[in-house]
Amino acid sequence: MSTTSQRTDSDDVMRLSSGIALEEIVRPDEGLISRRIFTDSEVYELEQERIFARGWFFVGHESEIPEPGDLVTRSVGTDPAIFVRDDEGQIRVFLNSCRHRGMRVCRTDRENASFLRCPYHGWAYKNNGELLTAAAESHYEEGELDKENLGLIPVAQLGVHCGLVFATWDPQAPPLDDYLGDMKYYLDLIFNRTGGVKVLGTPQIWDVETGWKFATDNFTDNFHVFSAHHSLVELGMLPNDPDFASHGTMVVAEEGHILHLTPGAPTDEYAFMGLPQKLRDQMPEHLTPEQVAMAEKVAYSAGTVWPNFHWLQLMSSGTLGQRDVPFLNLRLEVPISPTRTRMWSWLLIDVDADPEYEKASYETYVRTFGPAGIYDQDDMENWEDCTRASLGPAARKHSLHHTMGIHRPLDESWPGPGRAYADSYGEMTQRSWYSAWMRFMTSGWSDAQDGGER
Amino acid sequence: MSTTSQRTDSDDVMRLSSGIALEEIVRPDEGLISRRIFTDSEVYELEQERIFARGWFFVGHESEIPEPGDLVTRSVGTDPAIFVRDDEGQIRVFLNSCRHRGMRVCRTDRENASFLRCPYHGWAYKNNGELLTAAAESHYEEGELDKENLGLIPVAQLGVHCGLVFATWDPQAPPLDDYLGDMKYYLDLIFNRTGGVKVLGTPQIWDVETGWKFATDNFTDNFHVFSAHHSLVELGMLPNDPDFASHGTMVVAEEGHILHLTPGAPTDEYAFMGLPQKLRDQMPEHLTPEQVAMAEKVAYSAGTVWPNFHWLQLMSSGTLGQRDVPFLNLRLEVPISPTRTRMWSWLLIDVDADPEYEKASYETYVRTFGPAGIYDQDDMENWEDCTRASLGPAARKHSLHHTMGIHRPLDESWPGPGRAYADSYGEMTQRSWYSAWMRFMTSGWSDAQDGGER
Amino acid sequence: MSTTSQRTDSDDVMRLSSGIALEEIVRPDEGLISRRIFTDSEVYELEQERIFARGWFFVGHESEIPEPGDLVTRSVGTDPAIFVRDDEGQIRVFLNSCRHRGMRVCRTDRENASFLRCPYHGWAYKNNGELLTAAAESHYEEGELDKENLGLIPVAQLGVHCGLVFATWDPQAPPLDDYLGDMKYYLDLIFNRTGGVKVLGTPQIWDVETGWKFATDNFTDNFHVFSAHHSLVELGMLPNDPDFASHGTMVVAEEGHILHLTPGAPTDEYAFMGLPQKLRDQMPEHLTPEQVAMAEKVAYSAGTVWPNFHWLQLMSSGTLGQRDVPFLNLRLEVPISPTRTRMWSWLLIDVDADPEYEKASYETYVRTFGPAGIYDQDDMENWEDCTRASLGPAARKHSLHHTMGIHRPLDESWPGPGRAYADSYGEMTQRSWYSAWMRFMTSGWSDAQDGGER
Amino acid sequence: MSFLADLRAQAQLPPVLPHSELYGRVSEFLHHEAELLDAYRFAEWLELFSTEIEYRMPVRTTQFLVDGEGFNDFDFFVDDHQTLMTRIKRLETEFAWAETPPSRTRHFVSNLRLTRDEESGELAARINFLVTRTRQDLDYQMFTGVRHDRLIPDGDGTSFKVARRTILVDQTVITATNLSVLF
Amino acid sequence: MSFLADLRAQAQLPPVLPHSELYGRVSEFLHHEAELLDAYRFAEWLELFSTEIEYRMPVRTTQFLVDGEGFNDFDFFVDDHQTLMTRIKRLETEFAWAETPPSRTRHFVSNLRLTRDEESGELAARINFLVTRTRQDLDYQMFTGVRHDRLIPDGDGTSFKVARRTILVDQTVITATNLSVLF
Amino acid sequence: MSFLADLRAQAQLPPVLPHSELYGRVSEFLHHEAELLDAYRFAEWLELFSTEIEYRMPVRTTQFLVDGEGFNDFDFFVDDHQTLMTRIKRLETEFAWAETPPSRTRHFVSNLRLTRDEESGELAARINFLVTRTRQDLDYQMFTGVRHDRLIPDGDGTSFKVARRTILVDQTVITATNLSVLF
Ligand code: FES
Ligand code: FES
Ligand code: FES
Ligand SMILES: [Fe+3]
Ligand SMILES: [Fe+3]
Ligand SMILES: [Fe+3]
């Protein structure tokens, strides 16, 4: 649905058609975010154009399509896409829609193909996107069929960092390298710590009846664990200490790119993300000494590349009486409607992991996270019930409160880039996320990514 | 969805974004109401702001939460709410949404609780709404957490009449006492006739695929019975006389607050609402002589407190060959979408009723009304098929016809307040309802409730 | 939902509320049609008013209601309608909505009735639409109930050609005869070829999760067959020649009224639409010699009366090893939402067909077309996947390509009316369809139907 | 509620096993009954019920498990033989609009468990039910839950009468318009 | 319609009871058949049908009950052995797009009733069917109704062939895109 | 995947027929198990499982049929006895929010097929499952698929323990919020 929301130059604010200005109802600096933006369909439609048609989005990991012709189907933003390695070995991402009549060209989740033939009329594309043959070509008169320009529609830009493939539909977007900026330092810390990481198997995908931002908001939130996952506290599988996950650092690497790095119990087991010694030993080769020192103090980390891509580097146990085991999980929220979101979740493993560790990491992830995970399932319940409570005309006049740490001083001693804050309980990261959201919603690219939390 | 509907001061009408003025398509004085307003999503969205965020809504009956800590979950307007008796015994109504991240704080239909703990991060509220503890409180810097002002959001105003609890989200709304005005006289007649009434058990709740106003329109409509419930005529359970329910009075107590009072067969059995003698004997103690005389002539009554709360005081039988038994039923329509509505239905019983009568009244209600009732189920069929026939672009250009009794003279002899009309077949009540609807849709509170049917 | 889309006189284009002009994104002359118009809800809402409230729509065939009182329920445009033969034998079409409170008056798919009684309050209408009795008539005061003017709402205009009944809700629409114009020549060719055609049994009805125009676009598309129905090529039931269905003629009879006439294999079996000799022999009696000569070269024909009515005159086989048999199929798309469409499909048979041929034609149709047909089921898959690939904010910025035959010269030798093109592979017909769509969407009736493809 | 305790007590009795004749006959009986309902053969259906039938569907609410299963003191159905008869006669008029024209229902009888009280000879049958409904041109609606029947032998003991039926629905909010369907 | 009368006549025969061997074998046969369909083993599935198979799904309309059950003179399926074979061969090509990539269907066989014509030895089996379908990343679609099969003993009499199948759907409007699914 | 080959091999064994005592006992066992789950009697439910239980639900993807049924190397569940115990203990806390307050589930056990390995005496039971869920005031959610169980005789041989359970879901995208439900 289109809307008449517009930026009025006269007063320089973004007004919804009801006259409400986004600037009035979303005030990240004060930690006040209106419930309205989480469920409103006009805001949702604006997001499609201003965020999902413009931003950088995670597509997948290089390791998912190792061989020429390997192909999986994905979403880029909210558009269906093909993530393929072409016959030359180059990674490409295309809109999954035939240039002719718009048919989904690839209709499986995964296959290996040198060319893709559209079922409708048979247009055939090479896996590098070129149009090989149209249908009934001889029936086009001269000049009617510009085959050169009718290949699959590629994303406007594609970028890879640590094997993580991102893409944007916007040619005006800054290059990925600039977009990630100081976040690369932390992506390296997580994804480049050893001789590389790879995706295990296939992602889990499931739909949750939630506005997408309720899910997104949850990922760098460390202090929900004690309550939201209190069943595990009750079972003795999490420390019975409300502050247990607070002894770390929260970082705003760039506006909207946010993370925390948090130590576990003060034992060697929880050092270096809990990785096996063999993998720990690889770190100095791949990380700077500063990063290695940082990694030593990390058992738990979550980060968000704005807007909807997250990593979870966690240690947990899915089994009473068993030790915590680390795993590295990637997450993506793809909005389906104002109140429905598709969740994607991948498990990564260090390529040099031993089989026993890989198995333990795999089983721990599956048991604790993903739709059947004994942690994750309660998160979804929260997102859905937040959504349902934010739909009515009374509720949407009220703000959520993200005020924790508004006055917290910067941790000037932090060696890494970005704005760091001691104590990994806080809402600095979410405020930064909503600041970035406001930039996207109200500005063009030129001013969408400068500055920090004011 | 937001809209650009607005009141244009220049021509002083409320225009939809298509340019259509509500004043043109809704003309209660002429009995012409456009099908458009029953299913249109822009009208629905306007209703959310202009009616459901502003009006007075039935929440429940005091007897549903007799003990401190008793709590049931409800809707107030279209927002989720908690209806609770606090530890001091005071009745309170709150938005069911945590001040922190908006989570539904109470997630059952009923419980008894001294405090409510939010699952997400653990904020705990006392049952009087005060915030007892937030999460990770020590991680807030000074001034970041204003606990005093972060209690559950109460309704703006709460009012009780005859144990019926009403609430509004609008601080500008007139007090309930003023809002009900002359309707209190009739509420007293029904709900204060004996030593009090109480809710039996729990409400029935069910969803109907109808625009909410098709249901609302039906409640004071007495002349649908002979056709809509003709199966009961056929079985001999209703008189085979199309005029059988017409020998009463229709009253517009205040604009939008409407009712009828209708006698049954001219026997003692149908006098005084058909109540057992023991209860009839209580009437003089609770009602004025004028009201007692009125009650004597009532077997059937239905009334609406604008917009969506109704009583049904009826006598019927769910069983071939068995006598009619009275019951007192409360109804509420809560819109879910332009074409979907949640129906709530409560059964009340006089507190001094004998067990046998209570049982008979209960069984009669369950068998005849509610979703499985042999009367009610046919009403829902009508509402749904009215809705489906009113969706198309041709249908919505045409008006429904509520013209019966436009020229009917006032019954000047009527002893009670309000505008009364002899003959309880007529559409005076619905016209008044739509007049009130127009006031709410087009005006502020100052002019939303004066005047009468012109 | 209403919108603020409007034609701005200043720049004389039709702008969506986002500012996009339809004229920019739909350019039939260039064969460029934006994906946006296929799934956008603002466009959908505009279509309701500008197309479905104004156009001429197929209602049914006279033979479906042969006897007085025969009645079937239909859609006219997107409004529910009653298609009835009154007691005088006259065919009538009414909005299926009671004048009183809007109830569906007829609630079956088919019945025979002299009058229709509304379930809600019992208003009774004669099958010519007149209001016979209202409810509680004696309770209306004088002048309150204008029975003369409260009959069922008839369509504004009704027209019949070759037994095909069309109707429009728009009194300003040109008469059917003018609207069909030169298309009548071809309708005669198909529907008046023998001593008449009649509907067999009852239509098949099913819902497809597609924008309606993706389905509509497919009907005069001849060159999809080789790919979309390639399973039948593989089985040897279609020629293994991509050009096999190209040797005919495409005709734009009037802007938007389009068809193709295509020969089959060059044998007598495929001449004269493959009809049995007995029926072929009737042709000279009903058609002009020119038309008979035309019919001789037709095995396959599909045509569209703008916007959503189609015929399919085809020869096919549902059984390996069995000969092709002809059938005549009527189709209608009724939009339910921007992405959902109800499909109607009727089978016609020549009234003078022998039982064996009728049976063979019937079985062939059922096995090959309709929801279980081994051809048709793959078409629906295409429409749904086109729809799903056209929803996102990236996809909707891109156009579909209907460029085949843009420069194709007219076939000046064609004896029939309209603009004809040799070669029945081409997108001339669809471009004409979208030109008509643009006229309807942007103009009033006076200029909605002149001119041709520029 | 007390009726739940009663139902639970019956469920504790040793099961009559599926390969037994008794289970077979009860299974056939319940399938036959379902067929009668779906075929609008209501009068025949009612003949399968004892004149003492207690037919009940309690209202359910969402409560914490510690507070019970959410069946409180209210019902959607509380019928006896005469009221069921009334419902059926009503359906047979041409004016019961909720079922005129008729819905198409399908009663799926699943997971039959059977117990027998050795002393009284009474049988307790419980099933998982799935009832689908479509009417006019509308999409499916659905009802699920557990149904507990007390059966008493009838005639020569090879057939039965339903003496008590308790229908425990899964939904707290009936999302399917109305309960014009029998269970 | 006449075929309905025929089906009703068969249903009047005394039931073969669920604990009997015959019922057990028919039950196993129908479950086996359902499994073959859901596992895309179409050729094996067709082997369970007599070469004389009449396979039919009539179109349903909403009518008043007094006017019948709404099955009029039109069908969604009217197949014989050769046309079923054609469907199956088609599904085995890689180009039957409605099922390429394949849907995931699940055929639930419920409420089996069985009768046997003592004279001819022919069996009539009727079930309530629920068929669910999901394909690609889409949500569920659903089909329900009653299916009537005429079975003839096969081989040593312990297995069967389906000689006639009549599929009576509950919906008048198929809300599930198409009927690329077999029943 | 190799586990599919294993399951297919078992399915090739001759069927234990529905009228047999063994089938009857397995049927009763599975219905009993389903009832325990729907009644939140999780501890009793787990007693029906061998301590060696392998409990698994693989993730499914849409692939062309020639590429297989779409079960690749990832799971939604990969549990053993100790992890199932952990899930159950968790559900018994009052803080497992996804099930506090509890969902109302209904497990429909359908199309039971049973085979027996003559040598080992092990049983393989496969069913079509339909699980419906409603919670709070929400509409139905649904899960379907095939479930393969390896059963081993327990005690005097009249009951069983589940030694391996493989749950093959039909959906590639779980459209039902989460998998807080057990199968
Ligand atoms: S839509 Fe792809 S070839 Fe026509
Ligand atoms: S949402 Fe309630 S405590 Fe955070
Ligand atoms: S709605 Fe038809 S009679 Fe009242
Ligand atoms: Fe969490
Ligand atoms: Fe009524
Ligand atoms: Fe086709």
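All values below were derived from every heavy atom in this structure, side-chain atoms included, with hydrogens, water molecules and symmetry-related copies excluded. Residue numbering restarts at 1 for every chain, and letters A, B, ... go by the order of the sequence lines.
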Report yes or no: does E:W97 contribute a side-chain atom to a donor-acceptor pair with the main-chain N or O of C:A228 at less than 3.5 Å?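 Pair found, side chain donor or acceptor close to backbone of C:A228.
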
Testing the basics here: between [X] and [Y], what is the closest heavy-atom pair and its distance to 0.1 Å?
X      : Y      : answer
E:V173 : C:W206 : CG1-CA, 3.9 Å
E:S180 : C:Q377 : CB-OE1, 3.2 Å
E:A96  : C:S231 : N-CB, 3.9 Å

So for [X], is it side chain, backbone, both, or neither that comes closer than 4.5 Å to the heavy atoms of chain E?
X      : result
C:R107 : backbone
C:D379 : neither
C:E384 : side chain
C:M343 : neither

Option in C:H229, C:M380, C:E209 with maximal non-hydrogen atom pairs under 4.5 Å from chain E: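 Answer, by heavy-atom pair count under 4.5 Å with chain E: C:M380.
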
Largest heavy-atom contact set with chain E, pairs under 4.5 Å, which of C:P203, C:G321, C:G201, C:A372: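 Heavy-atom pairs under 4.5 Å are most numerous for C:A372.
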
Is the closest side-chain heavy-atom distance between [X] and [Y] below 4.5 Å?
X      : Y      : answer
C:I374 : E:T86  : yes
E:D137 : C:R388 : yes
C:W346 : E:F74  : no
C:R340 : E:T175 : yes
E:N178 : C:V208 : no
E:V78  : C:Y362 : yes
E:Q63  : C:D109 : no

Counting neighbours of CZ on C:R323 that are heavy atoms of other residues, nucleotides or ligands and sit closer than 6.0 Å, is the number greater than 12?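 Open: at most 12 neighbouring heavy atoms sit under 6.0 Å from CZ of C:R323.
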
Select one option (side chain, backbone, both, neither) describing which atoms of [X] are under 4.5 Å from chain C's heavy atoms.
X      : value
E:Q136 : side chain
E:L182 : neither
E:V59  : side chain

With a 4.5 Å cut-off on heavy-atom pairs, point out which of [options] contacts chain C the most.
options                     : value
E:E99, E:E92, E:R135        : E:R135
E:T100, E:D79, E:D80, E:T83 : E:T83
E:D75, E:T93, E:D67, E:L91  : E:D75

Taking 4.0 angstrom as the limit, do E:R90 and C:D378 come out as a salt bridge?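 Between C:D378 and E:R90 there is a salt bridge, with a charged N closer than 4.0 Å to a carboxylate O.
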
Using a strict threshold of under 4.0 Å (side-chain N to carboxylate O), is an ion pair present between E:K89 and C:E234?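 The answer is no: the pair does not qualify as a salt bridge.
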
Under the side chain to side chain donor-acceptor pair (under 3.5 Å) test against C:R110, which residue among E:T62, E:N72, E:T61 passes?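 Only match with C:R110 under side chain to side chain donor-acceptor pair (under 3.5 Å): E:N72.
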
[atom1]-[atom2] distance between [X] and [Y], expressed to the nearest 0.5 angstrom:
X      : Y      : atom1 : atom2 : result
E:I174 : C:D207 : CD1   : CG    : 9.5 Å
E:F95  : C:L235 : CZ    : CG    : 10.5 Å
E:F76  : C:Q204 : CZ    : CD    : 5.5 Å
E:R87  : C:T319 : CZ    : OG1   : 9.0 Å

Heavy-atom contacts under 4.5 Å, residues 72-84 of chain C to chain E: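 Residues in range: none.
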
